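Report on one structure; see the data block that follows.
Indexing begins at 1, ligand by ligand and atom by atom, following the structure's order. Remember, predicted model here, so these are calculated numbers, not experimental data.
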Amino acid sequence: MRIGVAGAGTAGLVTAWLLDPCHEILLLEKRGDLGGNARTVRVGAGDRAQYVDLGVHEVSDQFALWARLVRSVGLGQDSLLSVPASRTLRHTDGARPYLVGPHTPEADRGREVILGPAWDALGCLGREASRWEEEGLGEEVTVAQASDWTTLNAEMKHDVVHALPASVFGCGIHDVAHLAARGVGGFFAAAQPSAQEAASMHSLRGGTQELARALAGQLNTAEVRLRAPLHRLESHSDRFAMVEADGRRHLVDAVVLAVPPYAATAALQSLAGCTRLRSALDAFTYQELVYAAHLDPFGMPENRRHWSTTNVTVHDGWSETTLWYGPGHDADVFVSQITHRGTPRRQVARAAFRAPLPTPAAHWARRRLTEHSKEGLYFAGAYTRTLDSQEDAVASAVDVASDLAPESPRLAQLTTLCQEA
Ligand SMILES: Cc1cc2nc3c(=O)[nH]c(=O)nc-3n(C[C@H](O)[C@H](O)[C@H](O)COP(=O)(O)OP(=O)(O)OC[C@H]3O[C@@H](n4cnc5c(N)ncnc54)[C@H](O)[C@@H]3O)c2cc1C
């Protein structure tokens, strides 16, 4: 079969990689680069150059599929960095943070760890998130409906339980109560805080785009077209025509839409029998996000003894992060969300994103996409599953490949390895 894949983010690339040994693949990508929300920039020159991520930057050590994928594409153990997931929380106007979580025992000899009520509230969020998962809480239940947080005062509920997820999704702090609890909790359930040492996250030494490039490097026969946005899909007897923005047409037997929902709905505009699919895709809502990499300590606490890997500043109803690439790096490099605050003085790179929010309506939409599926048309992407994560992006590609190429040796490699884990 000839299969067209639109979108070269993690989901599209993994789909193409899984199908490549069994089918003829055409991959269309709108941008001039691979990776989608994985955007790595090189900061500095020569031996002192560092790779920093403006978008996807870390994965949980619970992401089994992702870890197996990294191994399968030949990125060895030395490609992975283990990063302590320490957190500082502070108000923009407060000199002293109200939370400085532990980092590593060695680093903490020079740091001032501040626990107290905010630490207890973080523990409460982790426990509730684990309970939502263990009890299989319905994916349409909101954060406000899932827990009453009676053990916390209003300040801790706002500044921790709502501010931390808001910093992950980029939405307003008050919007978190209306997000789906499972879509939020997945980011906090695995990270039960220990007062001695932060949980460890993984990142790729060469940045997360390294995985995208490794996947593309292993495509044998696939044709990859960059700066080639899919404009629309048309029916062509029992095949599909993928029409690019410049009018170029490609005939394929099946299509995998691994683009964000707003791009999928646009592509389906003139395809008959897709009204219900389009209304499902239209139910997603988005958050615009802007990130900058910089060399000045914009967004960091004044006192270096309060610096963590993730530093969250609560301000004006928003909470925004600054990631610190250190210690362990040659020079201090930072990546900040700057959607609702000023600009760093020594900015070296910048990128904008549009991310779907985990709302109850998104859950409804996912169910409709499955119920109204159309023969030969597939959807892949983190948004088709509960968590907007690397793991769910890979899992969505595995789902599609299980249908289109159950015999794929790469699929067997990923899923068998996963069962062994
Ligand atoms: C700022 C940010 C930070 C994140 N950080 C993390 C993190 O640290 N860890 C984590 O696990 N997850 C993180 N995520 C979640 C991230 O979205 C997923 O991990 C994953 O990268 C999603 O992959 P995807 O392929 O589903 O979508 P995308 O990465 O959005 O890929 C979709 C692709 O489709 C392309 N496209 C769009 N329109 C068209 C068109 N018309 N034709 C052709 N191509 C088109 C886009 O250019 C893009 O390449 C982050 C998300 C954002 C926005």
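The closest protein non-hydrogen atom to atom 30 (O) of ligand 1 is Asn37 ND2, 3.5 Å. Scanning all protein heavy atoms for the shortest distance to atom 44 (N) of ligand 1 gives Lys30 N, 3.2 Å. Looking only at heavy atoms of the protein, atom 49 (O) of ligand 1 is closest to Glu29 OE1, 2.7 Å. Protein heavy atom in closest approach to atom 11 (O) of ligand 1: Gln390 N, 2.9 Å. The protein heavy atom nearest to atom 14 (N) of ligand 1 is Val56 CG2, 3.8 Å. When hydrogens are left out, the protein atom nearest atom 38 (N) of ligand 1 is Ala263 CB, 3.5 Å; that is the closest non-hydrogen contact. What sits closest to atom 45 (C) of ligand 1 on the protein, heavy atoms only, is Val259 CG1, 3.4 Å.
At a heavy-atom distance under 4.0 Å, only side-chain atoms of Phe63, from C-beta outward, approach ligand 1. When non-hydrogen atoms are compared, ligand 1 lies under 4.0 Å from neither the backbone nor the side chain of Ser60.
If you look at Phe169 and Phe187, their ring centroids are closer than 6.0 Å.
Within a 4.0 Å radius of atom 21 (O) of ligand 1, the protein contributes at least one heavy atom.
Annotation: side chain of Leu115 is in contact with side chain of Pro102 (closest heavy-atom distance under 4.5 Å).
Annotation: ring-ring contact (aromatic ring centres under 6.0 Å, His included) contacts involving residues 65-91, sequence neighbours excluded, comprise His91-Tyr98.
Using bins of under 30°, 30° to 60° and over 60° for the plane-to-plane angle, the ring pair Tyr291/Phe353 lands in the perpendicular bin.
With respect to the salt-bridge test (charged N to carboxylate O, under 4.0 angstrom), the residues Glu139 and Arg367 do not qualify.
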